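One structure is given here, and the rest of the page talks about it.
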There are 2 protein chains.
Amino acid sequence: MLLNKNINPLKQHVDTTTEQVILEAAENLFLERGFALTSTTEIARIVGCNQALVHYYYRTKDQLFDAVFEKNAGKFVSSFLQPVEENISFEEKVRKKIETQYDILKANPRLPFLFFNELNTNPGRLKLLKEKTGDLPGLLFSAMESEIRTEIEKGTIRPMTAMDLMLTIFSLNIALFLASPVLKAITGMTEAEFQNLIEGRKRENVTIILKSLRP
Amino acid sequence: MLLNKNINPLKQHVDTTTEQVILEAAENLFLERGFALTSTTEIARIVGCNQALVHYYYRTKDQLFDAVFEKNAGKFVSSFLQPVEENISFEEKVRKKIETQYDILKANPRLPFLFFNELNTNPGRLKLLKEKTGDLPGLLFSAMESEIRTEIEKGTIRPMTAMDLMLTIFSLNIALFLASPVLKAITGMTEAEFQNLIEGRKRENVTIILKSLRP
DNA sequence: TGTATAATTAATTATGTTATTAAATAAAAA
DNA sequence: TTTTTATTTAATAACATAATTAATTATACA
């Protein structure tokens, strides 16, 4: 990479290419403001390069966003599809599922915003997502469905559907991250206090869900 | 109102002013796509009027959005602040709180999207919100806090904070509405099936939360 | 009816944005 | 070193959008 003028010196590991630097800057901005409110001009400004260079590497803003979205949507979707060990109790499986997803979100707190913002505003992206995930969700779903049925018959959990359980896990896990700017603003929490809240909320989500399973 | 050309004849109740029609069209678009992806030109196109007319009534796109956001954020915030009767059990109060909020969201399913999209992308709006709500959230909060403490001391519920309970209610209630486009797309549900899901989810949320309160 | 006022439009300005092109510069290869 | 290729920039085209202005049309009212 030739570019080395206005760049934060800390970021100058020898083998970051300009292409990567652009992608990272784009990722940060897209995660912060979404597609519509991010311009290729601003990406270039942050990278410290000419705006045409952004297009040189990624041709269009759409393709650049695609690269960012693909990568991040992948993380998000995988947070649902992450398999859990087989030889543990149902309760332990559920706990693991919640915690795994929560950890991924904690490490990528803007994921829910990017994901829902884009999929609520761009119908084309929804189609792509469906094509990409294929029938994986369906398979995962019926696997969970049968497992739940077994537990219900054993009397270890109350009657419910796989959809119920999935939605519950998902709802409790994502909402905090979506609401974090609002929450910080109206409560006036410090960043440390908020990190504390995030930490505690993981256990709380597990508690709530495991209790809610009981017959 | 003079304007009556391209307008859907069903919408021609005698006393809708052009100003109102513009506001309604704007509301629909802002709820559907958010601020950035909505143009005053498109609002005008839908109303069937000249684009300058939108500015004639509302001066700027910002002011028009303000009008829409104010109204809708009000609904959303009130879904939290809705008071409940005093002479019922704690459990009944919680149930009522969940259901009241859920009903408001069910009647205004795009509220969470508008609210979070805007507040995640526009820091200025966060400040306004904080100023507007003032210390109402704090008051409500400490009221709930003391009520919860009482219940914990009585041994009727497990230890938890008001923040915990609020976040749980809120998380379970909003997530379904935020996720609805994604959910519909990847499951391929019909609208009827989805309405059914929404219906059942209200009771489910109550069940989950009430169970999760138990010591 | 005629006049003042309100509502509406056509035309235009100003601005920002994406995308392209041609030229300049740096790196790699010969 | 020279030549070729890759990277980067300056300039600008093409377009959309928000906002303004002056002119036109409709409404109210004297």
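As the structure is a computational prediction, the values presented were derived from the model and not from experiment.
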Counting only pairs under 3.5 Å, give me each side-chain donor-acceptor contact of residues 131-141 of chain B, with atom names and distances, residues two or more places apart or in other chains.
residue   : atom : partner   : partner atom : Å
Lys132(B) : NZ   : Glu70(B)  : OE2          : 2.4
Thr133(B) : OG1  : Leu129(B) : O            : 3.1
Thr133(B) : OG1  : Lys130(B) : O            : 3.3

Exercise for the section: Can you tell me the distance, in whole Å, between the CZ atom of Phe35(A) and the C1' atom of dT17(C)? Expected result: 11 Å
Handout entry: Side-chain ion pair, Glu85(B) and Lys93(B), N-O less than 4.0 Å
Key = no
Completion exercise
Of the listed dT17(C), dT9(D), dT8(C), the closest approach to the Ala52(A) side chain comes from dT9(D)
Problem - d(CG, Asp66(B); C1', dA18(D)) in whole Å - result: 15 Å
Practice task
Nearest whole angstrom, please: distance from the P of dT17(D) to the CG of Asp62(B).
Solution key: 16 Å
Practice task
Salt-bridge test for Asp103(B) and Lys96(B): reply yes if a basic N is under 4.0 Å from a carboxylate O, no otherwise.
Solution key: no
Exercise for the section: Answer yes or no: is there an ion pair linking Arg203(A) with Asp164(B), defined by an N-O contact shorter than 4.0 Å? Expected result: no
Handout entry: Touch class at under 4.0 angstrom, heavy-atom based, for Thr41(A) against every strand present
Key = base
Problem - Distance test, side-chain N/O of Thr18(B) to OP1/OP2 of dT8(C), below 4.0 Å - result: yes
Fill in the blank from the handout: In whole angstroms, the gap separating P of dG16(C) from CD of Glu42(A) amounts to 13 Å
Handout entry: Between P of dA18(D) and OH of Tyr58(B), the distance in whole Å
Key = 16 Å
Exercise for the section: Answer yes or no: is there an ion pair linking Lys202(A) with Glu99(A), defined by an N-O contact shorter than 4.0 Å? Expected result: no
Handout entry: Gap between atoms CD and C1', on Glu19(B) and dT8(C) respectively (whole Å)
Key = 14 Å
Exercise for the section: Verify the contact: side-chain N or O of His55(B) to OP1 or OP2 of dA18(D), cut-off strictly under 4.0 Å; return yes or no. Expected result: no
Problem - Tyr56(B) side chain near dT8(C) phosphate (N/O to OP1/OP2, under 4.0 Å) - result: no
Handout entry: Rounded distance in Å - CG (Leu53(B)) to P (dT25(D))
Key = 16 Å
Completion exercise
Side-chain atoms of Asn50(B) come closest, of dT9(C), dA19(C), dA18(D), to dT9(C)
Handout entry: Below 4.0 Å: OP1/OP2 of dT8(C) and any side-chain N or O of Tyr57(B)
Key = yes
Practice task
Find the distance Ile43(B):CD1 to dT17(D):C1' and express it as a whole number of Å.
Solution key: 12 Å
Exercise for the section: Tell me which nucleotide among dA19(D), dA19(C), dT9(C) gets nearest to the side chain of Gln51(A). Expected result: dA19(C)
